[in-house]
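Only one structure is covered here, and it is reproduced in the block below.
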Amino acid sequence: MCGSVERYLLEKIQAEGAIHIALIDPEKVTPAKASSVASKAESSGTSAIMIGGSTFASTTHLGNVIKAVKRAVIIPVILFPNNVTGISRHADAIWFMSLLNSVDPYFLMGAQVLGAPLVKKYGLEPISLGYIIVGDGGTAGIIGKAVPVPYDKPKLAAAHALAGQYLGMRFIYLEAGSGAKKPVPPEMIHVVKRSVDIPLIVGGGIKSRSQALAAASAGADIIVTGNLVENTKVKRKVSEIVEGIKSCRM
Ligand code: 1GP
């Protein structure tokens, strides 16, 4: 039951070791800006574009942003929804995710029940994802009513990830929160990666080549950066991150 976007990601990871995905927060951009960011990120070596944020963007604006990005790039556009309002028919795929350490059933299964029929109706490719908030957790942690896993409890993060895998999820995301002062520590990435057999996504606070290299060396399969692509020097910044990830294989 693996769709074409998921297959593309798995093949890219297989071929390149680890990959970068650029995250665009629809609330922070115009469609024109989103298309320019996406196209610069693509030419700098990013493998896909994720669209989503922790707060609410109007469905019309979200659709316009995605359409603009789709016109600008050939790489897949994957929704990263914080709620049912983050679903749009214009994307290629959706991280169909459950926030594994939320205390609110809405973020564990409620939003998913509401959103699933819409995902089907729109023909979006769902890619099952276990989302785990760690460290400070940032806005995502507050909105998602998470009990963030402290950075010094890597085994606890691994237990969450393994539970996600055993429930059938096909990717795990360790989220430090957008703009996190400290990204997910390599030790936590390492322990989680060793515990699961599915690809590991890491994001939150990654801003430099060395941080990207540290995350990839510790075992991250996909590194997501959001704030960084809002930078005026998108091309250079994304190139640095992609080079950092690639240097892990050298
Ligand atoms: C947030 O993990 C992502 O959901 C990316 O975080 O914006 O800090 O890169 P940054």
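What you see is a predicted model; the values in this text were computed from it and never measured. Numbers for residues simply follow the sequence, beginning at 1. Both ligands and their constituent atoms are indexed starting at 1 by order of listing.
At distances below 3.5 Å, at least one donor-acceptor pair connects side-chain atoms of Glu125 with backbone N or O atoms of Ser4.
Counted within 6.0 Å of NZ on Lys235, heavy atoms from surrounding residues, nucleotides or ligands total 12 or fewer; the atom is thus considered open.
The pair Glu230-Lys28 meets the salt-bridge criterion, since a charged nitrogen lies less than 4.0 angstrom from a carboxylate oxygen. Remark: Lys193 engages Asp221 in a salt bridge, criterion side-chain N to carboxylate O under 4.0 Å.
A donor atom on one side chain and an acceptor atom on the other are not found under 3.5 Å apart for Ser47 and His20.
Between Tyr131 and Tyr173, the two ring planes are perpendicular [angle over 60°; tilted spans 30° to 60°].
Near ligand 1, residues Leu23, Phe80, Tyr173, Glu175, Ser178, Gly179, Gly203, Gly204, Gly205, Thr225, Gly226, Asn227 come within 4.0 angstrom through at least one heavy atom.
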